[in-house]
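This report concerns only the one structure given below.
Positions are given from 1, in the same order as the sequence printed here.
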Amino acid sequence: MESMDDYKEELEASFRRIREGDILTGTVIDVNEEGVTLDLKYYAPGFISAEEMSSDPDFSLAEAVHVGDTIEATVIRVDDGAGNILLSRREANEEQAWEKLKEMMEEGTTVTVRIKESVKAGVVTYLEGIRAFIPASQITSAYVEDTESWVGKEIPVRVITVDEEREKLVLSGKAVALEAEAEERNHKISMIVPGTVLEGTVESLMPYGAFIDLGNGLSGLVHISQICERRIGKPSEVLKVGEKVKAKVLNTNDNKISLSMKALAEEMVDTEGVEDLEAYTDHTSTGTSLGSLLAGLKLD
């Protein structure tokens, strides 16, 4: 036979005192267009209106909440006039969200958000139900002039500013984008075999050597000692920006492409008797372009 002990938990729950501001946990027993009804194991059910479910304008009650779900919500009124305890999930979420956002910032967590609108100097999105700002300089790796074109796009971001008192939440996708680009670039470099002859364009001259644009987002360095066989004081004595050149890959240590025009010249002298540097810096030379080298390779 059933005894009073069987109903002890329910009786204690029904006699507990509920106050405005309390955070209660309940089970969803009904979902409709107006809102959500919760079983609070109390003599009165809880009710959350659709407006009090989330601050996110794209939040869908029908998609996000189902009968049987467990929800935490803050008490707004003990009696809404219809025998229900009026609750707000939005308020409860915000209280908990700020703490979670602080953890995300401290741990450097990467999350994906959808950009909702373009505003002055950046874009707006929502994270954990909180309105967040992404500056135009932090959307991706480069500054974004046309922020309107990013509306509706999903991007990976990290939390960089959390100020609960001022309700200020700032996100950044720049660091994540730079890391992704570096990973892709390093993968491309790992596909290059030392000894390969590549063709590129001189993009800049430095006192210590020349940087060669190899295409496909990659560049390599020809150290001044590797430009030609004779000793030179500066790279501009032999090369000029915009010039087409061929060079041999020495190594790809530390994900940097080290090139040598001298090694290629020596090799060509040995095999073909070529004596002038112009033979491998003119526009008619035929080297292996990086694009063709990497063509057909699927990047992970």
Are V197 and F211 connected, step by step, through hydrophobic side chains (Ile, Leu, Val, Met, Phe, Trp, Tyr) whose heavy atoms are closer than 4.5 Å?
no
Hey, are the side chains of L259 and L221 touching, using non-hydrogen atoms and a 4.5 Å cut-off?
no
In one Ile/Leu/Val/Met/Phe/Trp/Tyr side-chain cluster, 4.5 Å: L38, I18:
yes
Given side chains that start at C-beta, do those of R90 and M53 come closer than 4.5 Å, heavy atoms only?
no
Can any side-chain N or O of K116 pair as donor or acceptor with the backbone N or O of G152 at less than 3.5 Å?
no
From the list V176, I134, T140, side chain to side chain contact (heavy atoms under 4.5 Å, CB included) partner of I155 resolves to I134
Between L205 and K234, is the side chain to side chain contact (heavy atoms under 4.5 Å, CB included) condition met? List the steps.
CA-CA 9 Å; L205 298 174; K234 53 185 178 180; over 6 Å; no
Straight-line distance of L214 CG to I192 CD1, nearest 0.5 Å
6.5 Å
Going by heavy atoms in the side chains, are I115 and Y126 under 4.5 Å from each other?
no
Test item: T252 side-chain N/O and N255 main-chain N/O as donor-acceptor pair under 3.5 Å:
no
Inter-residue atom distance D22.CG - I85.CD1, 0.5 Å rounding
9.5 Å
Close side-chain approach of L87 and F47, heavy atoms under 4.5 Å
no
Without swapping roles, check the side chain of N84 against the backbone of L86 for a donor-acceptor pair under 3.5 Å.
no
Which atom names give the shortest non-hydrogen contact between P235 and I227, and what distance separates them?
CB-CD1, 3.7 Å
Quiz question: by atom type and distance under 3.5 Å, do the side chains of R158 and T110 form a donor-acceptor pair?
yes
K174 NZ to I139 CD1 distance, which is reported to the nearest 0.5 Å:
11.5 Å
Evaluate the side-chain proximity of T74 to I76: yes if any heavy-atom separation is below 4.5 Å, no if none is.
no
Within-4.5 Å side-chain heavy-atom neighbours: D69 and T27:
no
Could you tell me which non-hydrogen atom of A136 sits nearest to which non-hydrogen atom of T147, and how far apart they are?
CB-CG2, 4.0 Å
Salt bridge E117-R131, side-chain N to carboxylate O under 4.0 Å
yes
For a 4.5 angstrom cut-off between non-hydrogen side-chain atoms, does V119 reach F133?
yes
If you take all heavy atoms of D213 and L218, which pair is closest and at what distance?
OD1-O, 3.5 Å
Please check this pair: side chain of S141 against backbone of A177, looking for a donor-acceptor N/O pair closer than 3.5 Å.
no
I130 versus A97, closest heavy-atom pair with distance:
CG1-CB, 3.9 Å
Can you name the nearest heavy-atom pair linking E148 to S118, along with the distance?
OE1-CB, 3.4 Å
Identify the heavy atoms of S54 and F59 that sit nearest to each other, and give their distance.
CB-CG, 3.5 Å
Report yes or no: does E237 contribute a side-chain atom to a donor-acceptor pair with the main-chain N or O of G233 at less than 3.5 Å?
yes
Would you compute the distance between atom CZ of R230 and atom NZ of K262 and round it to the nearest 0.5 angstrom?
12.5 Å
Here the gap from S258 atom OG to H223 atom NE2, rounded to the nearest 0.5 Å, amounts to 9.0 Å
Check whether any side-chain heavy atom of P194 sits under 4.5 Å from a side-chain heavy atom of L250, and report yes or no.
no
Atom CH2 in W98, atom CD in E103: separation rounded to 0.5 Å?
14.5 Å
Mind running side chain to side chain contact (heavy atoms under 4.5 Å, CB included) on M261 and L264 for me, showing each step along the way?
CA-CA 5 Å; M261 295 170 62; L264 181 58; 5.7 Å; no
Please check if L101 and V111 belong to a single hydrophobic cluster, counting links between Ile, Leu, Val, Met, Phe, Trp and Tyr side chain heavy atoms closer than 4.5 Å.
yes
Is M206 reachable from V222 through a run of hydrophobic residues whose side-chain heavy atoms are each under 4.5 Å from the next?
no
Would you please say whether a donor-acceptor pair under 3.5 Å links the side chains of E154 and T112?
no
Before accepting this row, confirm whether a basic side-chain N of the pair K240/E243 lies closer than 4.0 Å to the acidic partner's carboxylate O.
no
For a side chain to side chain contact (heavy atoms under 4.5 Å, CB included) check, start with the C-alpha distance between V249 and V193, then their side-chain angles and the critical distance, and finish with the verdict.
CA-CA 7 Å; V249 178; V193 179; over 6 Å; no
When you check the side-chain N and O atoms of Q96 and E128, is any donor under 3.5 Å from an acceptor?
no
Where do V159 and T109 land on the side chain to side chain contact (heavy atoms under 4.5 Å, CB included) test, with the steps shown first?
CA-CA 8 Å; V159 180; T109 305; over 6 Å; no
